[in-house]
2 protein chains.
Amino acid sequence: MSETSGETGGTPGERISDAEHAIMEVLWDRHPLSAAEVCDEVCATRGWSMPTVKTLLSRLVGKGALATEPAGRKFLYSPLIERSDYVGGESRRLVDRLFGGRAASLFAHLAQSEALTDEDLGEIERLLKEMRK
Amino acid sequence: MSETSGETGGTPGERISDAEHAIMEVLWDRHPLSAAEVCDEVCATRGWSMPTVKTLLSRLVGKGALATEPAGRKFLYSPLIERSDYVGGESRRLVDRLFGGRAASLFAHLAQSEALTDEDLGEIERLLKEMRK
DNA sequence: ACGTATCGACTACGATTGTAAACATGAGCG
DNA sequence: CGCTCATGTTTACAATCGTAGTCGATACGT
C-alpha cells in the first residue's frame, strides 16, 4: 500500500536499514560483486568484519533488495531495487514526516539553516528554469 | 563515552525514534502538556494506549529531548530541543547519506520524480528570489 | 483520615538491527 | 585422495524500538 506503483510482486516492502544501506551503496556503485569484494569496499570504512557483511547481504537478499547470481563457486550480488527508487522513497518519507509532504518546506528549511551553498542555489535556480519551460 | 551532555548547546546525542518523534510533534505544537493530554492527541491517531505514550515520554526524557515540570501531582512535558534543530538534523542526515551532502541533488531528485507540485515550485521560486536580493 | 483514582516508574516481551562466530560444503592443492 | 581454504548458511547475542501491563506513590473527595 501507498507505493508509487502496483509493485508487481517483486518490490521489497521491507525497509532497508542503515547498515544495509551502506552495502547497497557499494553495489549501486559497482555490480555484480562477491561478498569479499563488497567487504573490501566497506569493511575498512565502517570497521566491519566479513561475517557482518555476509549477514547484511543475506538480509538484503531476504528483503528482496539484492539478487544473487551464482558464479562458479561463489555468489555475485546485484541490486534489485534501483538507487533512485530507494532515494526517492526515503526522501518522500522525510518530507512527509517532517514537512507535512510539502517539499517547499524542506527547501525553506534548508535555505534558512544556511545549508544551501551558492552552488546549490545556482543549480536549483537552473533546474527551476528548466522545469518552467 | 561521555555522552549525555549537550555538545555545542544541548543537542541530545541520542537519536529520536519514529514513534518518539510523533510525541515530539505533539509537544512542539503545544506545550507543556501532561501525559494524558499528549495521549489525547496521538492515541487515537496512532492507535496507542496510555502506557505506550508514557513509555515514549519517559524515553524522551531519558534522551534529554523533553523536560518535565512538576505541576501539582502530575508532570508537564515540554520539548528541550527545538523542532527546527531536529528537522535540520534529520534533513542534513538524509542529504548527507543519500546525496553526498549536496542539497541541490535532493532538489533535483524531487524535481525529477515529480514530487514537486506547482505550488512547491512557485514557493521555491519565491524563496529563491528573496534570497537573491 | 481513609480509600480511591491518577500518574509516573519499573518491568516485560517480541521484532528489528548491528555485529559476529560457528558450521557446512564445495574447490583447488599437495 | 584427503586437507585446507574460501564462501554461503545458520545461529547468536546485545541494544534499540514498539507496544503495553503492573506497581507504588500521591493528591483528592468524602
Side-chain angles (χ1 to χ4, degrees), chain A residues 12-27 31-78 86 90 93 97, chain B residues 1 3-4 12-27 31-78 80 86 90 93 97:
Chain A
E14 329 267 0
R15 288 262 296 138
I16 289 174
S17 83
D18 209 64
E20 287 159 2
H21 169 233
I23 302 284
M24 293 302 293
E25 284 296 341
V26 172
L27 287 164
H31 67 268
L33 293 183
S34 69
E37 288 168 319
V38 171
C39 187
D40 283 347
E41 295 288 330
V42 284
C43 284
T45 328
R46 312 266 304 209
W48 286 341
S49 68
M50 192 54 153
T52 300
V53 172
K54 302 274 192 68
T55 301
L56 292 171
L57 284 170
S58 295
R59 286 183 185 164
L60 284 167
V61 170
K63 288 181 180 181
L66 290 182
T68 54
E69 162 198 356
R73 65 168 159 293
K74 75 184 64 166
F75 272 73
L76 294 183
Y77 297 87
S78 301
Y86 175 74
E90 291 297 301
R93 261 176 57 84
R97 242 174 31 111
Chain B
M1 336 269 231
E3 213 63 57
T4 352
E14 328 268 1
R15 286 262 295 141
I16 289 174
S17 83
D18 208 64
E20 288 159 1
H21 170 234
I23 302 284
M24 292 302 292
E25 284 295 341
V26 173
L27 287 165
H31 66 266
L33 291 183
S34 70
E37 288 168 318
V38 171
C39 186
D40 284 347
E41 295 288 329
V42 284
C43 285
T45 327
R46 311 266 303 208
W48 287 341
S49 69
M50 191 54 153
T52 299
V53 172
K54 302 273 193 69
T55 300
L56 292 172
L57 285 170
S58 295
R59 286 181 184 167
L60 284 167
V61 171
K63 288 181 180 180
L66 290 182
T68 54
E69 162 197 357
R73 46 108 172 307
K74 78 183 61 168
F75 273 74
L76 295 184
Y77 298 86
S78 301
L80 262 184
Y86 174 74
E90 290 297 301
R93 259 175 58 84
R97 241 172 35 109

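Heavy-atom basis, side chains included; hydrogens, waters and symmetry copies ignored. Within every chain, numbering begins at 1; the chains are lettered A, B, ... in the order of the sequence lines, protein sequences first and strands thereafter. Since we're looking at a predicted model, the values are computed, not measured.
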Counting C-beta onward and ignoring hydrogens, is there a side-chain heavy-atom pair between A:L57 and A:L27 closer than 4.5 Å?
yes

Any base atoms under 4.0 Å from B:S49, or only sugar-phosphate, or nothing? Heavy atoms, all strands.
sugar-phosphate

Protein-nucleotide distance (A:L57, atom CG; C:dT17, atom P), rounded to Å
15 Å

Run B:M24 and B:L66 through side-chain contact (heavy atoms from CB on, under 4.5 Å) and show every step you take.
CA-CA 8 Å; B:M24 292 302 292; B:L66 290 182; 3.5 Å; yes

Expressed as a whole number of angstroms, how long is the span from A:L56:CG to D:dG8:C1'?
14 Å

Candidates D:dC17, D:dA20, D:dT9 - which lies nearest the side chain of B:K63
D:dC17

When you measure from the side-chain N and O atoms of A:T52 to the phosphate of C:dG18, is any distance below 4.0 Å, counting only OP1 and OP2?
no

Residue A:D18, side-chain atoms from C-beta onward, closest of C:dG18, D:dA20, D:dT9:
C:dG18

Scanning both residues in full, the closest heavy-atom pair of B:W48 with B:A22 reads CH2-CB, 3.8 Å

By the definition side-chain hydrogen bond (donor to acceptor under 3.5 Å, both in side chains), identify the one residue from B:R59, B:K63, B:R15 that meets it with B:E20.
B:K63

Residue whose closest nucleotide on DNA chain C lies nearer the 5' end, B:M50 versus A:P51
B:M50

Separation of C:dT16 C1' from A:H21 NE2 (nearest whole Å)
18 Å

Take B:R97 and A:D18 through the test side-chain contact (heavy atoms from CB on, under 4.5 Å) and record every step on the way to the result.
CA-CA 9 Å; B:R97 241 172 35 109; A:D18 209 64; 2.7 Å; yes

Rounded distance in Å - CD (A:E20) to P (C:dA20):
15 Å

Length of the CG-P vector between A:L76 and D:dG8, whole Å:
8 Å

Looking at B:R15 and C:dT17, is any side-chain donor or acceptor paired with a base atom of the opposite kind under 3.5 Å?
no

Would you kindly give the CZ-to-P distance between A:R59 and D:dT10, to the nearest whole Å?
14 Å

So what does B:K54 touch, heavy atoms closer than 4.0 Å: a base, only the sugar-phosphate, or nothing?
base

Using whole Å, report how far CD of B:E69 lies from P of C:dC7.
16 Å

Grab the CD-P distance between B:E14 and D:dA15 for me, whole Å please.
14 Å

Is there a donor and acceptor pair, one atom on the side chain of B:T55 and one on the base of D:dA20, closer than 3.5 Å?
yes

Quick note, A:S17 side chain, CB onward, closest among D:dT9, C:dA20, C:dG18 is C:dG18

